[in-house]
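Below is one structure, written out as structure tokens; the observations come after it.
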Amino acid sequence: MTARDLGLPTRVPAPGLPERVTIWEVGPRDGLQNEDAVVPVEVKLEFIGRLADAGLTTVEATSFVHPKWVPQLADAEELLAGLAQRDGVRYPVLVPNERGLDRALAAGVRHIAIFASATETFASRNLNRTLDSQMAMFEPVVSRAVAEGLDVRGYVSMCWGDPWEGAVDPASVVSVGRRLLDMGCAQLSLGDTIGVATSGHVAALINAFTDAGTPVGALAVHFHDTYGQALANTVEALRHGVTTVDSSAGGLGGCPYAESATGNLATEDLVWCLDGLGVDTGADLDKLADTSAWMATKLGRPSPSRVVRALRG
């Protein structure tokens, strides 16, 4: 018996929410980079294909980070060479520096993302840079990518809390984010890397960005579920006009450079919530659950997604 057969979840539209939300699926990149084992490229390709079959239109495929740092994604070129492009589906890749951009361009990539920090300590630990010097690294990447006609997204990590520095000043997050937008990033993904945000704090940061002149349409959110707040935080962001939400099929992933970070918001849990609120995502919940249950068998452990467990055991 499927959720569709049962007519669940019951759709009760809530006021103040967008009619449609774009899911930015990060499972094949952010999810699999945190696995201890290296997943075979053929499994990754099937995973990405299944996610597209389930109606997801943005599937972050891989990363061009040096294999020494992320060996799980060392097969980026092989994966992209084997990836069947589909009309209406984007396959962004993470690019850390100019060398990564060179590799992405050689592979024919049209959508990239860069990864910045809102805090000094995480910039040092993750990028071996200061807040300012990380910008010096990103500027030629973004300018070259834009000149080549690529779409560029900027991730900002540690937006609501840092495991070494504690609370993060919203002004610091806005400063980093505005600099990325000014470079040419089309969208910012605000990351709750250790999952400490609460709804009021989410609203405050989004308001800080809009007060600084940032269109809310340029913002996306990326929540981790460390304290069980990811869905509540997502709904609050939608109430403030955000319409792009990052999630990971089956709740895969975390952050390899922040030990307290647990998994990403599960795509199935997000779709169940938004289906119930009458918000269209274009995603097929049962196909997503099947995909994540299948991937869980490949990884040899149960899916952390509550919806996958409820629907597929």
Side-chain angles (χ1 to χ4, degrees), residues 24 26 29-30 34 60 94 96 113-127 129-132 134-135 138 152-183 185-248 253-265 270:
W24 188 292
V26 300
R29 195 276 299 172
D30 192 21
N34 288 284
E60 196 165 88
L94 189 68
I114 60 173
F115 196 93
S117 173
T119 67
E120 288 283 2
T121 306
F122 193 61
S124 175
R125 287 174 173 261
N126 190 29
L127 300 170
R129 300 272 176 160
T130 65
L131 280 180
D132 285 335
Q134 69 176 347
M135 296 301 171
F138 295 139
V152 184
R153 176 188 235 211
Y155 282 101
V156 185
S157 59
M158 301 298 174
C159 289
W160 284 277
D162 179 289
W164 302 281
E165 297 185 18
V168 178
D169 183 357
S172 177
V173 184
V174 172
S175 175
V176 169
R178 290 297 314 174
R179 292 174 73 176
L180 293 174
L181 289 171
D182 290 344
M183 282 181 195
C185 289
Q187 185 182 73
L188 293 177
S189 174
L190 306 178
D192 184 20
T193 315
I194 58 172
V196 295
T198 54
S199 295
H201 199 181
V202 169
L205 184 57
I206 293 171
N207 288 338
F209 269 99
T210 57
D211 288 347
T214 305
V216 72
L219 301 177
V221 289
H222 183 124
F223 293 116
H224 288 205
D225 208 29
T226 313
Y227 294 92
Q229 302 299 299
L231 282 175
N233 291 338
T234 296
V235 173
E236 187 67 21
L238 301 189
R239 289 195 178 109
H240 282 75
V242 173
T243 58
T244 300
V245 179
D246 299 0
S247 63
S248 177
C255 177
Y257 302 102
E259 293 182 2
S260 60
T262 54
N264 290 297
L265 169 61
L270 174 64

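All values below come from the heavy atoms of this structure, side chains included, with hydrogens, waters and symmetry mates left out. Bear in mind that the values here come from a model prediction, so they are computed numbers and not experimental data.
The aromatic rings of Trp164 and Phe122 sit parallel to each other, their planes meeting at less than 30°, with 60° as the upper class boundary.
In this structure, Leu127 CG and Ser157 OG are separated by 7.5 Å, a value rounded to the nearest 0.5 Å. Taken to the nearest 0.5 Å, the OG atom of Ser199 stands 6.5 Å off from the CD atom of Gln229. Atoms CG and CG, on Asn34 and Asn264 in that order, are 8.0 Å from each other to the nearest 0.5 Å. In this structure, Phe223 CZ and Leu270 CG are separated by 11.0 Å, a value rounded to the nearest 0.5 Å. Rounding to the nearest 0.5 angstrom, the gap separating the CG atom in Leu265 from the OG1 atom in Thr234 is 5.0 Å. Taken from CD1 in Ile114 to OG in Ser189, the straight-line distance is 12.0 Å, to the nearest 0.5 Å.
Looking only at side-chain heavy atoms (C-beta outward), Val196 and His224 stay at 4.5 Å or farther from each other.
Nearest heavy atoms, Ala113 versus Glu60: CB-OE2, 4.2 Å. What you find for Leu180 and Met135 is that their closest heavy atoms are CD2-SD, 4.0 Å. For the residue pair Tyr227 and Ile194, the shortest heavy atom distance occurs at CE1-O, 4.1 Å. Pairing each heavy atom of Ala197 with each of Val202, the nearest pair is CB-CG2, 4.0 Å. In terms of heavy atoms, Met158 sits closest to Val168 at O-CG2, 3.3 Å. Between Ser172 and Leu131 the shortest heavy-atom distance is OG-CD1, 4.2 Å.
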Hey, can you pull the donor-acceptor pairs under 3.5 Å for the side chains in residues 205-220, sequence neighbours left out?
from   : atom 1 : to     : atom 2 : distance (Å)
Asn207 : ND2    : Ala203 : O      : 3.2
Thr210 : OG1    : Ile206 : O      : 3.3
Thr210 : OG1    : Asn207 : O      : 3.1
Thr214 : OG1    : Arg178 : NH1    : 2.9
Thr214 : OG1    : Phe209 : O      : 3.3

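With sequence neighbours excluded, the residues satisfying side-chain hydrogen bond (donor to acceptor under 3.5 Å, both in side chains) with Thr121 are Glu165. Applying the side-chain hydrogen bond (donor to acceptor under 3.5 Å, both in side chains) test to Ser248 and every residue at least two apart in sequence or in another chain returns nothing. Looking at residues two or more places apart in sequence or on another chain, you find a side-chain hydrogen bond (donor to acceptor under 3.5 Å, both in side chains) between Arg153 and Tyr155, Gln187, Asp246. Residues passing the ring pair (Phe, Tyr, Trp, His ring centres under 6.0 Å) test with Phe138: none are found, sequence neighbours excluded. Looking at residues two or more places apart in sequence or on another chain, you find a side chain to side chain contact (heavy atoms under 4.5 Å, CB included) between Ser175 and Arg179.
Asp192 contributes no side-chain N or O that, together with a main-chain N or O of Trp160, makes up a donor-acceptor pair within less than 3.5 Å. Judged purely by atom type and a 3.5 angstrom limit, Asp169 has no side-chain atom pairing as donor or acceptor with the backbone of Val173.
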request  = Starting from the C-alpha separation in whole Å, work towards a yes-or-no answer on side chain to side chain contact (heavy atoms under 4.5 Å, CB included) for Leu94 and Asp30.
outcome  = CA-CA 9 Å; Leu94 189 68; Asp30 192 21; over 6 Å; no

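Partner of Val156 under the side-chain contact (heavy atoms from CB on, under 4.5 Å) criterion, out of Val174, Thr193, Val176: Val176 alone.
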